[in-house]
Structures are given as structure tokens and as C-alpha cells.
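Just below is one structure, and these are the notes that go with it.
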There are 2 protein chains.
Amino acid sequence: MVRPPAARDKLLCAAHALIREKGFNAMSVDELCARAGVTKGAFFHYFRSKDELGVAAAIHWSVVTGALFAQAEYHARSSALERVLAYIDLRRSLVRGEIAEFSCVAGTMVQETYREHPAIREACGACIFDHAQTLVDDIQAAIDERGIVAEWTAESLATHTQAVLQGAFVLAKARGDAAVALESVDHLRRYVTLLFATASQRERTPTTARRSAARRRTQT
Amino acid sequence: MVRPPAARDKLLCAAHALIREKGFNAMSVDELCARAGVTKGAFFHYFRSKDELGVAAAIHWSVVTGALFAQAEYHARSSALERVLAYIDLRRSLVRGEIAEFSCVAGTMVQETYREHPAIREACGACIFDHAQTLVDDIQAAIDERGIVAEWTAESLATHTQAVLQGAFVLAKARGDAAVALESVDHLRRYVTLLFATASQRERTPTTARRSAARRRTQT
DNA sequence: ACGAACATACCAACTGGTTGGTATGTGAGC
DNA sequence: GCTCACATACCAACCAGTTGGTATGTTCGT
């Protein structure tokens, strides 16, 4: 049986931890290897450069978080709006313990690499926006469910949820306390609730529902 | 006439630019001096260490942005809610050009220093939260104006606006485009509008207005 | 069935350039 | 003539990346 490449995985996991703790640039390859319990030789066996590790770390982060959210139970809710709110609740429940344990590897890394390391920026961007994309169908279904004529798109709201979360992490770091992040997530939840509550009360009529459906078709 | 300490100011401005472009850790002292057009001797004449420069850069950022917002015209609006919305509009109008020209020095720096450089974290935190504080009075006045019973505080909404902005900057960096940031600011504006619109329609009664005032008093 | 050739997975020691920081010098103004 | 505001020259530590290995397989011709 072929020996599995254990060192590569250990390096990627150690990279996640170090990037969350001190960022990509402050993390040295030596330090990363020490944390992973491998030597530098192993590092450069799997990655041609530190840059390449950054890209791999972002991709691996996508895989890890993708699996986490794909198997989450919030998908089971019958109402689309409930699924969206349950996603936000799940995100909220993950905000606990040390900041470095709940903050986002991609968001942290992209802040300091977006200009000098385009490949890393791209990988982080894909990670964040692909994740946002997993919300779009539920948001669109919620719009349809309620027959809303919205001046915003499902995609922009999905993206906005990620903006709030990323911003919440920044504020948590700035204050040195997770509580402030929770408050922003609460505001996000309230926003989504209001968005559908008011729209459904004011605009849920057969006429507007039909107009909404028509607009959606032309957008695609 | 005494020569003003020009080098210090040039170093702080260059630091703002470099931190926005590549972050605090990736910015070397040599590079910073080159950008500022001074020598390393000048740097260590004014700052005992790179850390100390980081703190000074955050404080200077507070001063620069503080002056910008203090003299802005949105304070002149007669309605408190309009002042809050006009603040958001101002923030929106500032999001243009290169990402490094509108992103936040404090938010960028704190992401990569919050754990290893506590003094910088503190300075960045003060910068962000003190700025948020300048919104609290207007938000509270808007709550009073409309006689709202809110389950959120003026302070938490003020903080939330900063979370959205910081998150919008992260997303702009991740996508390499400012447009995505504008969309999040629009969602923030819509949230604030909904918050006061729905509350005023549903809860604006003499009874709840009195209860709101009482609650505020006990919170202090 | 077997061994030569090759591939994978890793390690220890090294290198040249860069880093933050220091020691010392200099010239202009009060 | 002394201090403030810088400049020059330098250093030890650290940095990403390289070199040259070993141990453990796997492939394939015979």
C-alpha cells in the first residue's frame, strides 16, 4: 500500500492555524514546518514556494468548510426563508472560543495578499464567493415563496452575508472579544427577517408575484 | 524657524499607503523609508521600533479620518435618521478608485496583528470603535424621534455599520473589484431604513415611546 | 519469481539575500 | 556649543529556497 502523504495534510492544517493566528506574511516556512512537525524538505517537496502553499491552503479551506456546510442540518428545513435563517444561526453558533478558532482563513489571507499575490487572492476569492453561492438558491426560493419584488438580487444578499461575517471577524479581532461579532450576526439575521417580512406584507399580491417571476426570467 | 519634523509625517503617510497595499507585516522598514523618501536613521529617530510605528500609524489614521468625518456636511441634516443615512451615503461615495485608496488602515492592520502585537491591536480597536461612537448619538436620536422600542442598542447598530464596511473591504479585495463593496453598503442602508420604517409603523405609539425612554435610562 | 530501474516521501545542512535594529556621524539653527 | 533632525554604515538573526541525500515502495522485463 502506498504511504499517504501525511506531511502535506499536516502542513495545510498547520497553515490554517498559523494564518488565523498571525496571518500569511508573518508565518514563516520554518515556523510552519515546526508546527506541522515536518522538516523544510517535506515542505518544498509538496509546494514549490510559499505562495503555492497559500493557494493550496485556501483551496483546502474551501474543501474543509464546504464539507462542513454541505452536511449541515439546516438544508432540511421545509421553508426556504427558514433555511437561510438557519444558515445564519449556524454561522452564529460557530462564533465561540478563541478568535483564531472561528475566524476565516480566506478572509484573513486575502487582506494581506490581494495585491502582491494574485494567485492567492483568486483562491481566496473563489473560496468566499463559491461559499456565498451555496446560499443563492435558498434565497431565490424564499423570494419566490413570498412573491417579492426586490430591488436586490439573491446573489447580492448572499454576498452581503459574507461581508457581514468577514466584518464581524475584523471587529472581534479589533476588540479582542467575540461578543461584538455575535451582535453583527444578530443584525444580519434581523435584516433578512425584515427584508422578507416587510416585502411580504407590502408587496405580496398576485400582480407583483407575477411581475417578480417575469423579472427573474429576463435577468438570466 | 524650527524645521518641522517632516520625516515623521512622511513616514506615517507612506505607512498608510503601504499597509493598505500589502499589510503591516509585508511592509519592511527599508521599503517604508524608501517610499517616504527618508533614511532608516530618520525612522528610528522617531520610532523606537516597527511596532511603535504601527501604533502611531493607527493613531494618525484616527486623526486623519476623524477630521474628515467631523467636517462632513451630513451632520447638518435636521432629522437624525437622515444624518445616519447620509453618513452611510458618504461612506458609499468614498468607495471608488483603487481598493488601496478606500480600504481601512486600521481594519487591515488589526487582522494580522491582533494576536502578536497587542499595542497595535488596541490602537486599531480604538480607531474603529471610537469612530463608531460618533454615530451613536444620531442613532439614539433617531430612535427617540420615532419612539421605537428596539431590541438592539444604538451602539450595536453603530458598530454593525463598521462591520459591514470592513467586510465590504475584505470582499472587494477578494474579488479585486470595488463594486461588490457598494452592494453591501446598499444592503446596510436598506437595513437601517427598514429598521426605522417598520418600527415606526408597528410600534410608534405614546405607550411604547414612554417605555423606550424608560429602558434607555436603566441601561446607562 | 526476481532484481534492476524508477518513483514517492521525506530529512538535515546549507546559502545568499533581507530583516529589524544599532552605533556613530553631521550639519543647521537657537 | 549644544541640541534636534536627520544620514551613513553596519550587524546578527532570520528569511525563502536549494542541495544532496535516505528509506520505502512500485513497475516491469526476463
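Sequence lines set the chain letters: A, B, ... in the order given, protein chains first and strands last, and positions in each chain run from 1.
- Residue Glu98(B) places its CD atom among 12 or fewer non-hydrogen atoms of other residues, nucleotides or ligands, all under 6.0 Å distant.
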Can you give the donor-acceptor pairs under 3.5 Å from side chains of residues 158-180 of chain B to other protein atoms, not counting sequence neighbours?
residue, atom, partner, partner atom, Å
Thr159(B), OG1, Glu155(B), O, 2.9
His160(B), ND1, Ser184(A), OG, 2.9
Thr161(B), OG1, Ala158(B), O, 2.5
Gln162(B), NE2, Tyr87(B), OH, 3.1
Lys173(B), NZ, Gln111(A), OE1, 2.4
Lys173(B), NZ, Thr108(B), OG1, 3.1
Asp177(B), OD1, Ala179(B), N, 3.3

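- For residues 27-39 of chain B, proximity to DNA chain D is found at Val38(B), Thr39(B), defined as any non-hydrogen atom under 4.0 angstrom from a strand atom.
- Residue Asn25(A) contributes atom CG, which lies 19 Å from atom P of dC14(D) at whole-angstrom precision.
- Atom-to-atom, NZ of Lys22(B) to C1' of dT18(C) comes out at 12 Å; the value is rounded to the nearest Å.
- Within 6.0 Å of the CD atom in Glu82(A), the count of heavy atoms belonging to other residues, nucleotides or ligands exceeds 12.
- Comparing Phe44(A) and Ala26(A) along DNA chain D, the residue whose closest nucleotide (by nearest heavy atom) sits nearer the 5' end is Ala26(A).
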Salt bridge (charged side-chain N to carboxylate O under 4.0 Å, His left out) evaluation trace for Glu101(A) with Arg20(A): CA-CA 8 Å; Glu101(A) 285 166 15; Arg20(A) 288 163 116 171; over 6 Å; no
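- When rounded to the nearest whole Å, the span between NZ of Lys50(A) and C1' of dT18(C) equals 13 Å.
- The side chain of His45(A) has dA9(C) as its nearest neighbour among dC6(D), dG21(C), dA9(C).
- Checked by atom type, the side-chain pair Ser156(A)/His187(B) shows a donor-acceptor distance below 3.5 Å.
- Not a single donor-acceptor contact under 3.5 angstrom links the side-chain atoms of Lys40(B) to the base of dA7(D).
- One can place CZ of Arg48(A) at 16 Å from C1' of dA16(D), the figure rounded to the nearest angstrom.
- Aromatic ring pairs are classed by plane angle as parallel below 30°, tilted from 30° to 60° and perpendicular above 60°; the pair Phe24(B) and His117(B) is perpendicular.
- As a whole-Å value, the separation of Phe43(A) CZ from dC14(C) P is 22 Å.
- Regarding Phe47(B), its CZ atom lies at a distance of 19 Å from the C1' atom of dT19(C), rounded to whole Å.
- With rounding to whole Å, Asp9(A) atom CG is found 12 Å from dA9(C) atom P.
- Annotation: side chain of Leu81(A) is not in contact with side chain of Thr193(A) (no heavy-atom distance under 4.5 Å).
- Put simply, CG on Leu18(A) is 12 Å from P on dC15(D), counting in whole angstrom units.
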